Structures are given as structure tokens and as C-alpha cells.
Amino acid sequence: MTNLEIARIFSEIADILEIKGENPFKVRAYRRVTQLLESLPQSVEEIYKAGKLSELPGIGASIAEKIKELLETGKLSYYEELKKDVPPGLLEMLKIPELGPKTVSLIYNTLGISTIQELEKAAREQKLRKLKGLGPKTEENILKGIEFIKGREERIPLHEALTLAEDIITYLKEKCPINRISYCGSLRRRKETIGDIDILVTSPQPLKVMDVFTSLPQVEEVLAKGTTKSSIVVTGRRQVDVRVVGEESYGAALHYFTGSKSHNIRIRELGVKKGLKINEYGIFRKETEERVGGIEETEVFHWVDLPYIPPELREDRGEIEAAQRGELPTLIELEDIKGDLHIHSKWSDGANTIREIALAARERGYEYIGISDHSQTLKVAGGLSKEDFYKRLEEIRKVDEEIKGIKIFAGIEVDILADGSLDYPNELLKELDIVIASIHSGFKQDMETMTRRILKAIENPYVDIIGHPTGRLLGEREAYQVDMEKIMKAAKETGTALEINAYPNRMDLNDTYCRMAKEMGVKLVINTDAHHILQLDWIKYGVWTARRGWLEKKDVLNTFPTQEFFSLLKKKL
DNA sequence: GCCGTTTTCGGCCCGACTGTTTTCAGTCG
């Protein structure tokens with residue numbers, strides 16, 4: 001049983017307990033362990049076998065026992081029992097905005113409604129407003145909420161959310177007096193997908209900000225409008241929240257709205273132990289209510305005796321403990337990247353010539369690039385015939401000679417074919433400086449076959465890098481089944497690097513695998529897979545993913561200067 | 001259900017907004 005499968009069960013247990021009105025802290029315990037399992041780099045099964053389950057934070061005797069039962073029998077009697085009390089439709093109903101466990105429970109217990117369809121019917125027939133605490137407005141909101149979840153994508157990619165947030169910020173800055181402004185939430189933490197967008201503002205005219213915000217050109221619906229907080233739905237069914245605070249509170253609010261929720265809870269708990277109250281307005285002494293800080297975000301950490309923790313780490317995945325031990329990683333920065341090795345040119349399906357790419361990269365301050373076009377089998381993407389292979393190689397060498405101030409490596413993105421062999425023979429591969437091997441076909445093979453296939457590529461002495469190692473496309477295609485632990489072991493043994501593909505709908509490896517790679521001592525490379533020189537900018541998505549995976553400069557090969565970088569690639573036979 | 005150099009029992013983060021209420025519960029982040 002995988003970590004995610006177990007996490008799913010615990011998450012459902014938390015939902016059921018909530019509907020049943022159980023102790024909220026018990027619910028929290030299950031939510032916490034869900035999160036832990038979702039982001040755990042190692043398999044929980046391995047940890048269990050090593051007898052170290054209880055060492056994980058948030059796993060005590062009771063949950064450890066449940067994990068054991070799940071791993072050994074594939075079932076959990078406690079969960080099976082719980083499910084008897086609560087129809088599955090109620091859990092679906094929880095996903096409707098503004099509809100929480102109390103209301104769901106009330107509706108179920110009084111009207112016997114247990115599916116969204118029944119709920120919708122009852123709302124239309126105005127039966128809900130008869131219940132205590134519910135009225136016509138709630139009824140209307142429930143109907144809207146049902147429409148809302150029908151129509152929207154669960155989460156949008158980081159790239160899309162970033163563009164939307166930046167547009168809104170630019171607009172607000174133009175139309176109202178604003179001192180400080182930032183997007184917060186999972187966007188600032190650079191999660192690969194974003195639910196809602198949160199924007200924090202300080203302004204001498206908060207009401208004006210509310211007015212402008214709720215009348216943005218892209219507004220489809222205003223969910224709430226207050227004096228300091230408003231929520232809207234914009235085109236594309238995305239919810240955006242804005243919050244205005246005083247200047248003295250900006251830092252505290254920035255921390256608060258950046259989250260994650262569980263990180264915040266941990267920080268506030270530390271505050272309580274020190275006799276402090278920490279909220280979005282500032283840091284206060286509990287006894288006297290005296291304000292001791294809040295202007296800058298760093299003050300929040302200072303007052304609970306921690307060094308600054310970058311937003312990308314704030315997931316309660318051990319960053320607070322690491323900070324307390326003084327062992328926070330010095331995260332890689334965008335400026336650390338010295339080159340991009342996975343760029344497509346006109347020779348395959350890219351939009352630019354080698355010369356254009358080299359000039360654009362030099363402009364960015366890169367020291368080197370790799371031109372890595374597709375190999376022959378990938379005809380849909382202009383894969384290079386053997387003849388073109390040599391012509392292109394010749395051009396790369398020529399342009400490299402002509403353009404000073406940047407080294408152009410001759411690369412390739414060679415296909416790993418269905419049987420694990422490569423799309424070019426070694427005689428061709430050895431002509432190149434850098435070989436990236438990737439999978440572009442046969443995604444549905446079973447885990448064993450797929451793993452063997454990649455291992456075979458890793459064992460090829462000419463393969464330096466495995467490109468987009470899990471093959472996922474966010475919102476389009478799941479990662480293929482693969483035994484990542486085996487792959488990473490082999491990568492380490494052979495000195496093969498794994499790619500963090502920064503293309504916005506890939507971000508592959510993901511953050512959790514980045515961290516696993518680091519812990520296993522595997523070399524990593526961040527590349528854009530750019531098909532146009534404008535896409536060279538997308539390197540930031542790779543760097544952000546790396547940061548979420550706790551990576552430092554030294555963990556990523558293309559932070560090293562040209563000669564050193566080249567010497568760190570796999571040693572050829 | 002978890003957790004502990006002030007605790008093995010009694011705590012467990014904090015506030016805004018809405019809709020239903022005449023002072024607050026539910027939901028959300």
C-alpha cells in the first residue's frame with residue numbers, strides 16, 4: 001500500500017469524524033498524519049519495517065497501529081466501522097464551499113439527505129431554509145456552491161496562478177494608493193498547483209482597495225466584501241481573496257497568509273510557550289497585550305527563537321525542527337543557475353536557431369547552454385535523422401566558435417524506447433557533450449517494465465541525465481508507474497543526474513522526489529525544456545521546485561562554472 | 001489522537017465574514 005493510498009484513508013477518517021462531531025483535535029491529528037504521508041519522501045512501508053513509525057512527528061501508538069494494520073492486511077477495521085455511520089455522499093457534500101461538517105450533519109440528520117443530488121433538489125424546493133440556523137441565503141449559497149464545484153478545475157497550475165495574481169496586483173497598484181502588496185498562500189510557497197489566490201495589501205484607503213478589487217474587470221462574482229477582507233471569483237472560476245492590514249501588521253500578516261496552515265499552527269504554539277500571542281496583526285505579549293513586533297515577517301521567527309524560514313519550506317515537513325537545530329538548508333537561488341542544458345532548437349521542434357538561443361542565454365548571464373533536440377523516432381517533434389544529427393552537430397560547433405562569452409554544449413534528448421534501448425547507437429551518442437535520455441512513449445507499461453526501461457538507460461555510459469523522470473503532465477497525465485527508489489540508487493551508483501524539468505506543466509521531478517534525491521546523494525540538474533527563447537525564463541519554476549525539495553546550490557550540477565560542471569557529468573568509459 | 005526541560009493529564013492558533021441571530025455558530029484560511 002502506498003503512502004498516498006494510506007493518506008487518502010486517513011483524510012476520509014478525518015472527514016467522517018468531523019461530521020460525527022468528534023473531538024476537533026482528534027480530527028486534526030488525522031489531518032496532520034495525512035499531510036505527513038502525502039509529503040514523505042520514503043515509503044511508509046520501509047519505515048514500518050525498520051520499526052521507526054513512531055519516530056515520525058504526529059504518529060503515536062494509535063495511528064502507528066492503524067498503519068500497521070493497513071500495511072499487513074490492506075484493510076482497516078476502524079475505518080470500515082466508521083464508514084457504516086456516514087454515507088459517502090456526505091463526504092462529497094463537504095467539498096461544497098461554505099458547507100461544513102455541522103451543516104452537512106444537520107441536513108443529514110433532519111432531512112435524511114445523503115447525496116449532492118438530493119441536496120440540490122431540497123435546496124430548489126426550499127426545504128433547507130426550514131432548518132434551524134439556515135435561511136434563504138444559505139440555501140442560495142448551497143446551490144451556487146454546487147454549481148461552483150461542478151464547473152471548476154480542482155487546482156490551477158502555479159504558472160497560471162502567478163500570471164493571474166501579477167495582473168491583479170498591477171491593476172490594484174494603478175487604481176489605488178498602495179504601500180506594500182504581495183501575493184501569499186500556496187502561490188508564495190510555490191506549490192505546483194494553487195487553489196485560491198491570496199493578496200495582502202497595506203493602504204491609506206482600505207475601502208478604496210475593496211471597491212477596486214471587487215470591481216476588477218475579470219470579476220464574475222463577489223463572494224464577500226468587508227472593510228478589510230473581500231473574496232471574488234474571477235474568470236476561470238478561480239477564487240481570489242484580498243486582505244488589507246495596517247502598516248504595523250504587514251509582516252505578521254504576510255507570514256500568516258503565506259501559511260501553510262499547519263506551519264502557522266506550529267509557530268503559534270511556539271509563541272504560546274513563550275507567553276506570546278501571534279496573529280495576523282502582530283506579535284503581542286499575552287499578559288499585557290503589548291505589541292512587540294509585526295512590521296516585518298522576520299520578526300515572527302525572531303520572537304519564537306527561529307531563523308527566517310523561506311516560504312517554500314513552510315509546510316510543516318520538519319522545517320521548524322531543522323530551524324531549531326540550526327540545520328536549515330541554504331536554498332538554491334535563481335541567480336545560482338549558470339546554464340540550461342535542455343533547450344530545443346529549430347533542428348527539432350523549437351522555434352529558434354542555435355545562434356538566437358545562444359545570444360538569449362548569454363543575455364541572461366548564463367555561462368553555458370546545451371542544445372538538446374529530439375532523436376529520430378520522435379517524428380512528431382521533428383526528431384533528427386542521422387544525417388541531420390551530424391549537420392546540426394557541425395552548426396553547434398561553428399556557432400560555439402563564433403559567439404564568445406558562452407559555451408554551447410552539443411546535447412540531445414534521446415528517446416528511451418519501449419524496450420529500454422536508446423533511439424541512437426552509442427557511436428552517435430559519443431559525439432555529443434551531453435546526453436539527456438527521456439521517455440516519450442509507452443506510458444502505460446507496468447511499474448516493473450517501466451523501471452527496468454529507465455534503469456537500462458541509466459546504465460548506458462553515455463547517458464548523463466534522465467529527462468523529466470516521471471513523465472507527468474500536470475492536469476493532463478499522471479506520472480508513469482516507476483520504482484523511484486531503485487532508479488535513484490542506480491543513478492547514484494552510475495553518476496547519472498536526474499532532471500528537474502522546469503516546464504510549467506511538468507515540474508518533474510517534483511518537490512518530494514527532489515528531497516529524496518538529495519537524501520540519497522543523487523545529482524540533479526534544473527532545465528527548462530524550452531522550445532522558445534522566451535521560455536528560458538521558466539527556469540524559475542524549476543528552482544522553486546528545487547527549493548521546495550530543500551535543495552542547496554551544491555546539490556544542483558548546473559550551478560557550477562563551465563569546467564567544473566562538465567567534469568561533474570558522468571564519466572565516460 | 002498527540003504530546004511533554006514548567007505537564008503522562010490537560011492542554012491543543014486565531015480572527016474575519018456571513019447569515020442567522022438579538023449575541024452567536026459555522027466556515028474558512
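Each chain gets a letter, A, B and so on, in the order the sequences are listed, and its residues count up from 1. Here the structure is a predicted model, which is why all the values come from computation and not from measurement.
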Here the distance between atom P of B:dG19 and atom CG of A:L223, to the nearest Å, is 10 Å
Please determine whether a side-chain nitrogen or oxygen atom of A:S230 lies at a distance below 4.0 Å from atom OP1 or OP2 of B:dC17. no
Is the shortest side-chain N to carboxylate O distance from A:E289 to A:K277 below 4.0 Å?
-> yes
Give a yes/no on whether any side-chain N or O of A:Y281 is located under 4.0 angstrom from OP1 or OP2 of B:dC14. no
Whole-Å distance, A:I142 CD1 to B:dC28 P, equals 11 Å
Under 4.0 angstrom, heavy atoms only, what part of the nucleic acid is A:R266 near: base, sugar-phosphate, or nothing? nothing
Q) When the ring planes of A:H159 and A:Y541 are compared, do they come out parallel, tilted or perpendicular, using 30° and 60° as the limits? A) perpendicular
Across every strand shown, the nucleotide meeting Watson-Crick or G-U wobble geometry with B:dT8 (both distances under 3.5 Å) is none
Rounded to whole Å, CZ of A:F25 lies from C1' of B:dG10 at a distance of 11 Å
Discussion item. What's the gap between B:dT27 and B:dC12 when it is taken at their P atoms, as a whole Å value?
Written reply: 22 Å
- Query: When you compare B:dC14 with B:dC9, how far apart are their P atoms, in angstrom units rounded to a whole number?
  - Reply: 25 Å
Compute both the distance and the angle, then confirm whether A:R268 meets the cation-pi test with A:F284: under 6.0 Å from the six-membered ring centre, within 45 degrees of the axis.
no
Which of A:I19, A:L76, A:D15, A:I13 passes side chain to side chain contact (heavy atoms under 4.5 Å, CB included) with A:L82? Answer is A:I13
A:E22 atom CD is separated from B:dG1 atom P, nearest whole Å, by 8 Å
Paired with A:L128, the side chain to side chain contact (heavy atoms under 4.5 Å, CB included) test is passed by just one of A:T138, A:I107, A:L106, namely A:I107
With a 4.0 Å limit, can you tell me whether A:N279 has a side-chain N or O closer than that to the phosphate oxygens OP1/OP2 of B:dG15? yes
Query raised in the report: When rounded to the nearest Å, what value does the distance between P atoms of B:dG1 and B:dT5 take?
Result: 23 Å
Per the under-4.0 Å heavy-atom filter, residues of residues 58-75 of chain A near DNA chain B come out as A:G58, A:I59, A:G60, A:A61, A:S62, A:I63, A:K66
Closest of B:dC13, B:dT18, B:dG15 to the A:K261 side chain is B:dC13
| B:dT22 to B:dT18 separation - C1' atoms, rounded to the nearest Å | 16 Å
Inset, instruction - For B:dT8 and B:dG4, measure between their P atoms and round to the nearest Å. - result: 13 Å
B:dC14 phosphate, OP1 or OP2, under 4.0 Å from A:K286 side-chain N/O:
yes
- Query: What nucleic acid atoms does A:I96 come within less than 4.0 Å of, heavy atoms only: base, sugar-phosphate, or nothing?
  - Reply: sugar-phosphate
Query raised in the report: When rounded to the nearest Å, what value does the distance between C1' atoms of B:dT20 and B:dA25 take?
Result: 9 Å
Within residues 26-35 of chain A, those residues having any heavy atom closer than 4.0 Å to DNA chain B are A:K26, A:R28, A:A29, A:Y30
Practice task
Report which part of the nucleic acid A:P136 touches: base, sugar-phosphate, or nothing (heavy-atom distance under 4.0 Å, all strands).
Solution key: sugar-phosphate
Just checking A:K225: base, sugar-phosphate only, or nothing, at a heavy-atom cut-off of under 4.0 Å? sugar-phosphate
Original post:
Reckon A:S231 touches a base, only the sugar-phosphate, or nothing at all at heavy-atom distances under 4.0 Å?
Top reply: nothing
Rounded P spacing from B:dG19 to B:dG10 in Å:
41 Å
Check your understanding: Is the base of B:dG19 touched by the side chain of A:N141 through a donor-acceptor pair closer than 3.5 angstrom?
Key -> no
When rounded to whole Å, the CG to C1' distance for the pair A:D15 and B:dG1 reads 16 Å
Practice problem: Scan A:I278 against the nucleic acid and name what it touches under 4.0 Å (heavy atoms): base, sugar-phosphate only, or nothing. | Solution: sugar-phosphate
Using a heavy-atom cut-off of under 4.0 Å over every strand shown, decide if A:T227 touches base, sugar-phosphate, or nothing. sugar-phosphate
Winner on side-chain proximity to A:K277, out of B:dC14, B:dC13, B:dC17, is B:dC14
The correct set of residues in residues 98-120 of chain A placing a heavy atom under 4.0 Å from DNA chain B is A:E98, A:L99, A:G100, A:P101, A:K102, A:T103
Practice problem: For B:dA16 and B:dT21, measure between their P atoms and round to the nearest Å. | Solution: 24 Å
